[in-house]
Amino acid sequence: MALVTSTEMFKKAYAGGYAVGAFNVNNMEIVQGITEAAREEKAPLILQVSKGARAYANHTYLVKLVEAAVIECPDIPIVLHLDHGPDFETCKSCIDGGFTSVMIDGSSHSFEDNIALTRKVVEYAHAHGVVVEGELGTLAGVEDDVKVSAEDSSYTRPDEVEEFVTKTGVDSLAIAIGTSHGAYKFTPEQCTRNEKGILVPPPLRFDILEEISRRLPGFPIVLHGSSSVPQEFVKMINENGGKMPDAVGIPEEQLRKAAEMSVCKINIDSDLRLAMTGTIRQFFAEHPDKFDPREYLKPARANIKEMVRHKIVDVLGCNDKA
Ligand code: G3H
Ligand code: 13P
Ligand code: ZN
């Protein structure tokens, strides 16, 4: 199967009450870990590339790695998506360069400017058979070189979504309902502590999601910043020379609930980074004499695969949906 757009995937996900996982890729081991899990679980898949990933690994290398995954996984549909496209030129470069989906992130602009920019990308993308994700509302956290503080973040306003979708023609919409980018999603002051002393973040704003879904019936909604920051990997990092105090993520049961509603795409990146880094730190602590990258990247890739399998089966519910 060649690369596909997310149109059919989202229709099925909406009707089936599950979400498709969108995982960020930066190198071969990450591509392999993700796609092997999706292939074994027969899950549709979105592989996404950020501006930072293109700067790190080079557009051509990333496209070719994803094309290799498509050949290795002929039975599952795979989308190649630009994550957080910052401007028209970056989106155009990805549309011209083989991507089947792009996000134009106009969330830092005024409502009117966001509409104008998103509309321009949609016109170009649709003329080339590519779909577009827009964003309304501002997530807290760090993405690429942009850091948004909790005070500067803002929930999506439901009264703006119909106008935005109608005027831009976007195919899906990323919204802000309390998720946040990175591994430090919330300050300890924003959280409560459970009986085990673990920080529990404020719940997602399902009321906003429900109102948006009511206003946009059948329309696919996207959640960014949806890593859950598994404490087992935070512990593994901290026990092997790392220092990640108070890293905390979105509880998985809340993401599961969102996936059963109108959320058709859930973005997960930080959890894969934690799995990779924790595994490599532990490997070096246990094998200080080793220096062959294949020896430490192999278990890192295996743990990325198990993390993605867990997300597909237990959080997104998209196993056996390919
Ligand atoms: O939301 C951003 C993604 O996690 C990508 O992160 O910009 O560091 O590649 P990055
Ligand atoms: P996390 O940092 O929570 O993994 O979010 C990733 C994301 O939203 C990519 O666009
Ligand atoms: Zn994001």
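When a ligand or atom number is given, it counts from 1 through the structure's own listing order.
- Contact atoms of ligand 1 toward D269: 3 (C), 4 (O), 5 (C), 6 (O) (distance under 4.0 Å to a heavy atom of the residue).
- Under 4.0 angstrom from ligand 2, there are no non-hydrogen atoms of L139.
- Close contacts of ligand 2 with S180, meaning ligand atoms under 4.0 Å from a residue heavy atom, involve 3 (O).
- Within the structure, ligand 2 lacks R273 among the residues with a heavy atom less than 4.0 angstrom away.
- Close approach to S270 involves these atoms of ligand 2, each under 4.0 Å from a residue heavy atom: 1 (P), 2 (O), 4 (O).
- For I268, every heavy-atom contact with ligand 2 shorter than 4.0 Å involves the backbone, none the side chain.
- For the pair K11 and E8, the salt-bridge criterion is met [side-chain N within less than 4.0 Å of a carboxylate O].
- Atoms of ligand 2 found under 4.0 Å from any heavy atom of H224, numbered from 1 in the order shown, are 8 (O), 10 (O).
- Between L47 and T35 the shortest side-chain heavy-atom distance falls below 4.5 Å.
- With salt bridges taken as basic N to acidic carboxylate O contacts below 4.0 Å, none links E89 and K92.
- Below 4.0 Å from some heavy atom of K185 lie the following atoms of ligand 2, by number and element: 1 (P), 2 (O), 3 (O).
- In this structure, NE2 of H84 and ND1 of H224 enclose an angle of 90° at the Zn ion (ligand 3), rounded to 10°.
- One distance of note links CZ of F164 with CD of E135; it measures 9.0 Å at 0.5 Å rounding.
- For atom 9 (O) of ligand 1, the choice among S50, A53, A22 with the nearest heavy atom turns out to be S50.
- Close contacts of ligand 1 with H181, meaning ligand atoms under 4.0 Å from a residue heavy atom, involve 1 (O).
- Ion pairing of E36 with R39 is absent here, as no side-chain N (NZ or NE/NH1/NH2) approaches a carboxylate O to less than 4.0 Å.
- Near H84, with a cut-off below 4.0 Å to any heavy atom, the atoms of ligand 1 are 1 (O), 2 (C).
- The existence of a salt bridge linking K235 and E232 is excluded, since no basic side-chain nitrogen approaches an acidic carboxylate oxygen closer than 4.0 Å.
- Other residues, nucleotides and ligands contribute at most 12 non-hydrogen atoms within 6.0 Å of the OH atom of Y56.
- Counting atoms of ligand 2 from 1 in the listed order, those under 4.0 Å from a heavy atom of Q48 are 9 (C), 10 (O).
- Residues R157 and E160 are paired through a salt bridge, judged by an N-O separation under 4.0 Å between the basic side chain and the carboxylate.
- Not a single heavy atom of S50 sits less than 4.0 Å from an atom of ligand 2.
- Not a single heavy atom of M103 sits under 4.0 Å from any atom of ligand 2.
- Evaluated by nearest non-hydrogen atom to atom 6 (O) of ligand 1, the leading choice among M103, R273, Q48, K51 is R273.
- Neither the backbone nor the side chain of N267 comes within 4.0 Å of ligand 1, counting heavy atoms alone.
- For the residue pair S213 and S262, a side-chain donor N or O sits within less than 3.5 Å of a side-chain acceptor on the partner.
- Note: an N/O pair closer than 3.5 Å links S226 and ligand 2 by distance alone.
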Worked check of side-chain contact (heavy atoms from CB on, under 4.5 Å) between I268 and M307:
CA-CA 10 Å; I268 299 171; M307 172 73 74; 6.0 Å; no

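- Each of the following atoms of ligand 2 lies closer than 4.0 Å to a heavy atom of H84: 10 (O).
- A side-chain N or O of D87 and one of T90 form a donor-acceptor pair less than 3.5 Å apart.
- The contact set between ligand 1 and N24, taken as ligand atoms under 4.0 Å from a residue heavy atom, comprises 3 (C), 5 (C).
- Taking a cut-off of under 4.0 Å to the non-hydrogen atoms of D269, the atoms of ligand 2 that pass are 4 (O), 6 (C).
- In terms of polar-atom proximity, defined here as any N/O pair under 3.5 Å, N24 makes no such contact with ligand 2.
- In this structure, H84 and H181 have perpendicular ring planes: the angle between them is above 60°, well past the 30° mark.
- Every heavy atom of R54 sits 4.0 Å or more from the atoms of ligand 1.
- Applying the side chain to side chain donor-acceptor pair (under 3.5 Å) test between H224 and each of T179, D269, N267 identifies N267 as the sole match.
- Ring centers of H81 and F23: at least 6.0 Å apart, outside the cut-off.
- Close N/O approach between N26 and ligand 1 is not found [any backbone or side-chain N/O within under 3.5 Å].
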